[in-house]
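Please read these numbers as outputs of a predicted model, since none were measured by experiment. Chain letters run A, B, ... following the sequence lines, proteins first and then strands; every chain starts at 1.
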Amino acid sequence: MTGQERYNVAETERRWQKAWDGKKCFAAQEDPSRPKFYALAMFPYPSGKLHMGHVRNYSLSDVVARFKRAQGFNVLNPMGWDAFGLPAENAALERGVHPRKWTLENIAVMKGQLKSMGLAIDWEREVTTCLPEYYRHEQKFFLDFLKAGLAYQKESMVNWDPVDNCVLANEQVVDGKGWRSGAPVERRTLKQWFLKITDFADDLLDGLKTLDGWPDKVRLMQENWIGKSQGLKLRFDIVNHEDRQIEIFTTRPDTLFGASFVALAPDHPLSLELGEKDAGIKDFIAECRRLGTSEATLEKAEKNGFDTGLQVHHPFLKNKTLRVFIANFVLMDYGTGAIFGCPAHDQRDLDFARKYALDVQPVVIPLSSDPGTFTVENEAYTGPGHLCHSDFLNGMTVEDAKAEVIRRIEGMNRGEGTTLYRLRDWGVSRQRYWGCPVPVIHCEKCGVVPVPEKDLPVTLPEDIDFKKPGNPVANHPTWKNVECPQCGGAAARETDTFDTFFESSWYQFRYTDAHNTERGFDKAKADYWAPVDQYIGGIEHAVMHLLYARFFTRALKKCGYISCEEPFTALFTQGMVTHMSYKDEDGKWIYPDEIEKGHNGALVRKSDGAPVAPGRIEKMSKSKKNTVDPVEIISAYGADAARLFILSDSPPERDLEWTEAGIDGAWKYVNRLWRLVNGGGSAPHEGRGGAAADADACMALRRKIHVTIRDMTQDLEKFHFNKAVAKMRELSNALEAFDGDATVFREGLETLIKLMSPVMPHLAEELWAQLGHATMVVDEKWPEADPALCVSDSVTMAIQVNGKLRATVTLPRGMEKQAAEKAALAEDAVQKALDGKSPKKIIVVPDRIINVVV
RNA sequence: GCGGGCGUGGCGGAACUGGUAGACGCGGCAGACUUAGGAUCUGUUGAGGCAACUCGUGGGGGUUCAAGUCCCUCCGCCCGCACCA
C-alpha cells in the first residue's frame, strides 16, 4: 500500500492526463484491419467558457469513446469549434474587440477547460470553422453546388430594423422591436442565396426509415418538418373580373362545399396590388408586417383579417360566392399563399369565421351522427366521417371525397392534385461580418460570376467598422471592389456570408482529414471513418442542424465527395442541465454561490444577510444567474467526481438538476473507491483463510462480478449510464463487505477498475497502478462475463392471492408449474388469505410469480 | 397556434416483452468511533396502523387473474418553429 492518507485529486488527474498525452493514446489512424468507431459530440460555440451542458455532452461522448476503445474498436473522437456567429459581433460592438481575436481567445480558454476534463480526444484533428483553412473548402463546395444547380438566388423576407438599417435575427426581435434600436421591425424582401434542400425532400423522408439508431421522436419531428402532404391547387374566378383568378392550396378538398371564405397572405401579390389602390388594405398589410418573420409569432398573434371587397365564384355551386380576405395567419411561404376557409373543420378558420360572422356549415360528420342535427359550435370537427350537405359527395368517406373533388376540378381545368412539402429551401445568406463569405462576384455585364477556384479562399476584410449602421462587410470601403473574372470589368463581391449551419453541416467529414490543404477531406479517409457511428448532442438540434447536415451529406455525395448518404448512423439527444434559481427581496436574480444558510436555516445572501427566496428549477442560464461554473467544480472535486455526478442518477436523455448534494455524493464515492484499494474501512487486504466457510461467499462474489460485467456492458451499450453507475456501486458495496479469498477479491477489484474507467478514467488509472500494474488501464481490454457464473440455481417467486402479494418463496430455478403451485399453497400466509375458499384458477409464470385466483 | 416530449417516496431515479413498485444514490432518523474530517462506519427509512393489514407511480375512467407499463380523457412542465447556436 502507498503511504498516502488521502486521495490527491488535482495532482493525480494532471499526471494521468499527461501520461495519456505522452503516449498519444487517443490519436486515431485509419486501420482497415480493425472495426472503426466514430464517436462525435456536437462541437461547442466558443462563447467564452465551458458550461455544464458542455460537460454533460462531452462526458457522454467520452464514456462511449473509452468504452468502445476498450472493446477493441479503432475509435475516432475529435473536437473542434463552431466559431462563426453573432455573439462575436455583439462582443465587437459592446467591447470593441475584433471578432477574430475574441473568438480565438475564447477557444484557447475553453480548450484548457476541456482538457481538464480528461477527455479521450484526438486533439490533432481540432477544427476551427472561422479560419480560412476550414472555410475555404466550403466555398469550394458552394461553387460545386452552384454548378450542380443546388444553389440559387431569390427574393425572401427578412426582419428589417429601419433605424440600424440592418437585418435582425428572430432572436434580436423583442416584442416586434429591434433589440438595440427599439424601433418597430418591418418585414421586407431581400435577394438571397438558397440551397435546394427541397430537391431532396422525398429522399430525406425515406432516409429517416433507415435511421433506426435515431430516437423515434427526432425522426417524427423531421418527418413533420418536411411535412409531405397531398392536396389540391384550385383556381377560383374573381366575381366581375372573370379573367382573373386566385389560386389556393388545400389539403382538405373534401370540405369544399363547407367553404365560407378565401384568404390571402398579406404578402400575396394580389394583396400587394390591392394595397396600391386602397389605403386601408395598405395599412393592414403594414400592420401584419410588423409581426416580423417568425412563424411562432405569426401563429400566436390574434387572427386578424381585412375584407378586400372582392368575391370569388364557388367552382361547383353556381350561385354561391365567397368573400376574399387578407389574413395574418396565411403564410406566403406555404402552398400558394392563399387558402379557402372551411370553419366547421379547421380551428383557425372557425375562430376567424366567428370573428367576422361567416357561415359555419359542417360537411363531414362522424358516422353515428345525423346531418340534420350535427352542428359545430366552438370546436372544429377534424375527425373521420362521411360527407353531407355536399351535393355529389354526400355519403362518401373523407378519402373518397378528396379524390372525387380533385378528379372533377382537374376535369374542369380549374386545378390539379398536388404533392406539397412544408419544407422550404435553405436560406444561407446572412448580412453579417462574422461568417464565411459567399464566393461569388456580381458583374453588371456578366451577372453572377463564381469566384475562380484559384482565387479561393475569399477571406474577410480584417479592418472592419461595426459602429456604422448596416452590414459591416458591405460598408467596407474597398473590399468588395474587384475585377470581373470573366470580362475584367469593374464588379462587386457578394457581401453576404453563410449561415453558420453551413459550417456545422460538414465538420463531421473534416475531422476525418483535418489538415488537408487541397480539399475538404480525402475521400478514402472520409469513407473509412464516415458515417459517424454515434452522434451526441442536445435535443434542440432535432430538426434544423440535423436536417441540414443530412441534406449536405447528400449534396456532397452528388458532387462526388463522399460515399455515404447519412452522416450519423446513431443519434443520442441529451437533456438540459438545470439548477435552482434564486431571487433576492427586490426580485433580482442572484447566483447560488452568493447564498448561504442563515441561523434559522433560511437562505440568506452571504454579503449582507438579506433573505433570499428559491425560485424554480430551470435550464442554467446567465440571465437567471443559476449557473454553476464547471471550472470551479473540477478544481474543487476533480474531473472524475464531476463526470460521475453527471452520469449517475439522471438518465442522460432527461434533464439533469445540478445540486451541491449530488456532487458531494460523487466526491465521497471517489474517495471511497480510493480507500477500497488503499485500505481503511473494512476492506480486506489479504486473504483470510480460504476455509470451506468462505466458499459460498466467494461463489456469491464471483457471481456478482460477472453479473455486473454483463449488466454494465448492456447498460453502456444502451446509454443507461445512470444504471451502469448503480451496478458499479453494487459491486463495490459487495467488495467492501467481502471477507474471503484474496484472489477472488482481487479479481473483483480489477474488474471494478476496468468497469469504472470510462466514467472515472483518472481514478481508474491511479488505482490500477496502485495494484502494481505497470500498464495503463486505458489499454486494458473490456472484461467479459462468463454466462455460467451469472446464473444462480434458486429463484425467489412472488405469490399473490387475487393479485395481491401474500408471500414470497425461494424455489429451484425452472421448477415445474404443478410443483410451484403446491409450494405456493403450502404457505401459511396463502392459506390465511384463502380463508377456507378453494382456488378457482392458479396462474404460474415460471421463475416469476404465482397468482391464486379465488 | 402547430409539431415533439416528460410526469414514480422528502429528492434524483430503478422496474426486461403487462408479473414482488421504490434497485442504486442523496437527504432524514438512531447509534459507534475520535486522528473533530470535505470525516468515516453500523442500522433504519414510501405513507397510515400496536398489529393483522390498508393505501400508494400527475388527476379521473377503462381492459386484465395481474397495470408505473395497454386504451380513453383531463392537468402541469419542457423543447423546436426556418437569421441564437
Here's one to test your reading of the geometry: is the NZ or CZ of Arg422(A) within 45 degrees of the ring axis of Trp225(A) and under 6.0 Å from its centre?
yes

Using a 4.0 Å heavy-atom cut-off, does Phe329(A) contact any base of the nucleic acid, only the sugar-phosphate backbone, or nothing at all?
nothing

Whichever of Ala636(A) and Lys841(A) has its nearest RNA chain B nucleotide further upstream toward 5'
Ala636(A)

With P as the reference atom in both, quote the distance from A85(B) to G18(B) in angstrom, rounded to an integer.
44 Å

Sequence neighbours excluded, which residues qualify as ring pair (Phe, Tyr, Trp, His ring centres under 6.0 Å) partners of Tyr669(A)?
none

Looking across every strand, which nucleic acid part, if any, lies under 4.0 Å from Val543(A) by heavy atom: base, sugar-phosphate, or nothing?
nothing

Using a 4.0 Å heavy-atom cut-off across all strands, classify Gly427(A) as base, sugar-phosphate, or nothing.
sugar-phosphate

Centres of the Trp426(A) and Tyr548(A) rings: under 6.0 Å?
yes

I want to confirm an ordering. Mapping Leu168(A) and Val218(A) to their closest nucleotides on RNA chain B, which one lands closer to the 5' end?
Val218(A)

Any-strand Watson-Crick or G-U partner of G12(B), both distances under 3.5 Å
C24(B)

Please list residues of residues 842-854 of chain A whose heavy atoms come under 4.0 Å from any atom in RNA chain B, ordered by number; otherwise none.
Ile843(A), Val845(A), Arg848(A), Ile849(A), Asn851(A), Val853(A)

Quiz item: cation-pi between Lys154(A) and Phe194(A), 6.0 Å / 45°
yes

Does the side chain of Asn170(A) get closer than 4.0 angstrom to OP1 or OP2 of A82(B) through an N or O atom?
yes

Mind calculating the distance between CD (Glu171(A)) and C1' (C83(B)) to the nearest angstrom?
9 Å

Just checking, is any N or O donor in the side chain of Gln192(A) or Asp496(A) under 3.5 Å from an acceptor N or O on the other one?
no

Are Tyr535(A) and Phe572(A) close enough that their ring centres sit under 6.0 Å apart?
no

Could you check which residues of residues 345-353 of chain A get a heavy atom under 4.0 Å from RNA chain B? Sort them by number, please.
none

Under a 3.5 Å limit on both distances, the Watson-Crick or wobble mate of U40(B) is A32(B)

Sub-4.0 Å heavy-atom contacts from residues 41-48 of chain A onto RNA chain B, ordered by number
Tyr45(A)

Gln431(A): which of Leu190(A), Thr495(A), Leu168(A) passes side chain to side chain contact (heavy atoms under 4.5 Å, CB included):
Leu190(A)

Could you pull out every donor-acceptor pair under 3.5 Å between side chains of residues 652-665 of chain A and any protein atom, sequence neighbours left out?
residue	atom	partner	partner atom	Å
Asp655(A)	OD1	Met576(A)	N	3.0
Thr659(A)	OG1	Gly662(A)	N	3.0
Asp664(A)	OD1	Tyr637(A)	OH	3.2

Could you tell me how far C41(B) sits from U34(B) if I compare only their C1' atoms? Round to whole Å.
12 Å

Could you tell me whether His541(A) contacts a base, only the sugar-phosphate backbone, or nothing, with contacts defined as non-hydrogen atoms closer than 4.0 Å?
base

For residues 348-355 of chain A, please give each side-chain donor-acceptor pair under 3.5 Å, one per line with the distance, not counting sequence neighbours.
residue	atom	partner	partner atom	Å
Arg348(A)	NH1	Glu299(A)	OE1	3.2
Arg348(A)	NH1	Glu299(A)	OE2	3.2
Asp349(A)	OD2	Cys342(A)	N	3.0
Asp351(A)	OD1	Gln347(A)	NE2	3.2
Arg354(A)	NE	Glu377(A)	O	3.2
Arg354(A)	NH2	Val376(A)	O	3.0
Arg354(A)	NH2	Glu377(A)	O	2.8
Lys355(A)	NZ	Glu302(A)	OE2	2.8
Lys355(A)	NZ	Lys303(A)	O	3.0
Lys355(A)	NZ	Asn304(A)	OD1	2.7

State whether Glu730(A) and Lys704(A) are salt-bridged, where the test is any N-O pair (Lys NZ or Arg NE/NH1/NH2 against Asp/Glu carboxylate O) under 4.0 Å.
yes

Classified by glycosidic angle (syn within 90° of 0, else anti), G9(B) comes out syn

Give one of base, sugar-phosphate or nothing for Trp225(A), where a contact means two heavy atoms less than 4.0 Å apart.
base

Quick one: label Phe501(A) by what it contacts on the DNA or RNA (base, sugar-phosphate, nothing), any heavy atom closer than 4.0 Å.
base

Near-ring test Phe552(A)/Phe501(A), centroid separation under 6.0 angstrom:
no

Would you call Glu618(A)-Lys624(A) a salt bridge at under 4.0 Å N-O?
yes

Please name all residues satisfying side-chain contact (heavy atoms from CB on, under 4.5 Å) with Met580(A), sequence neighbours left out, ordered by chain then number.
Tyr582(A), Pro614(A), Ile617(A)

Determine the contact category for Gln431(A): base if any of its heavy atoms lies under 4.0 Å from a base atom, sugar-phosphate if only primed atoms, P, OP1 or OP2 are that close, otherwise nothing.
base

For Glu155(A), does the CD atom have more than 12 heavy-atom neighbours from other residues, nucleotides or ligands under 6.0 Å away?
yes

Step by step, would you call Asp267(A) with Arg187(A) a salt bridge (charged side-chain N to carboxylate O under 4.0 Å, His left out)?
CA-CA 10 Å; Asp267(A) 299 304; Arg187(A) 201 156 65 208; 2.8 Å; yes

To the nearest angstrom, the CE-P distance between Met797(A) and U20(B) comes to 11 Å

Output one line per pair: protein atom, nucleotide atom from nucleotides 67-78 of chain B, and distance, for all N/O pairs under 3.5 Å.
residue	atom	partner	partner atom	Å
C78(B)	OP1	Arg616(A)	NH2	2.7

Examine the base of C81(B) for any acceptor or donor lying under 3.5 Å from a partner atom in the side chain of Glu299(A), and report the outcome as yes or no.
no

Looking at every strand, decide which applies to Ser429(A) at a 4.0 Å heavy-atom threshold: base, sugar-phosphate, or nothing.
base

Annotated protein contacts, base or backbone, on nucleotides 22-34 of chain B with a non-hydrogen cut-off under 4.0 Å, one of B, S, - each:
-BSSSS-------

Decide, yes or no, whether a salt bridge links Arg180(A) with Glu94(A) under the criterion of side-chain N to carboxylate O below 4.0 Å.
yes

Opposite nucleotide pairing with G19(B), Watson-Crick or G-U, both atom distances under 3.5 Å
C65(B)

Give one of base, sugar-phosphate or nothing for Glu653(A), where a contact means two heavy atoms less than 4.0 Å apart.
nothing

For A85(B) and Thr500(A) - does any side-chain N or O of the residue sit under 4.0 Å from the phosphate oxygens OP1/OP2?
yes

Base partner of G3(B), which must satisfy Watson-Crick or wobble distances under 3.5 Å:
C79(B)

Check whether any side-chain N or O of Arg654(A) sits under 4.0 Å from OP1 or OP2 of A14(B), and answer yes or no.
yes

Does Lys217(A) reach a base, just sugar-phosphate, or nothing at all? Heavy atoms under 4.0 Å.
sugar-phosphate

Quiz: residues 844-853 of chain A side-chain donor-acceptor pairs under 3.5 angstrom, not counting sequence neighbours:
residue	atom	partner	partner atom	Å
Asp847(A)	OD1	Gly814(A)	N	2.9
Asp847(A)	OD2	Gly814(A)	N	3.4
Asn851(A)	OD1	Gly803(A)	N	3.0

Between protein and nucleic acid, restricted to nucleotides 47-56 of chain B and to nitrogen or oxygen atoms under 3.5 Å apart, what atom pairs and distances do you find?
residue	atom	partner	partner atom	Å
A52(B)	O3'	Lys832(A)	NZ	3.3
A52(B)	O2'	Lys832(A)	NZ	3.1

Between Thr578(A) and Met620(A), is any pair of side-chain heavy atoms under 4.5 Å apart?
no

Under the salt bridge (charged side-chain N to carboxylate O under 4.0 Å, His left out) test, which residues partner Arg729(A), sequence neighbours left out?
none

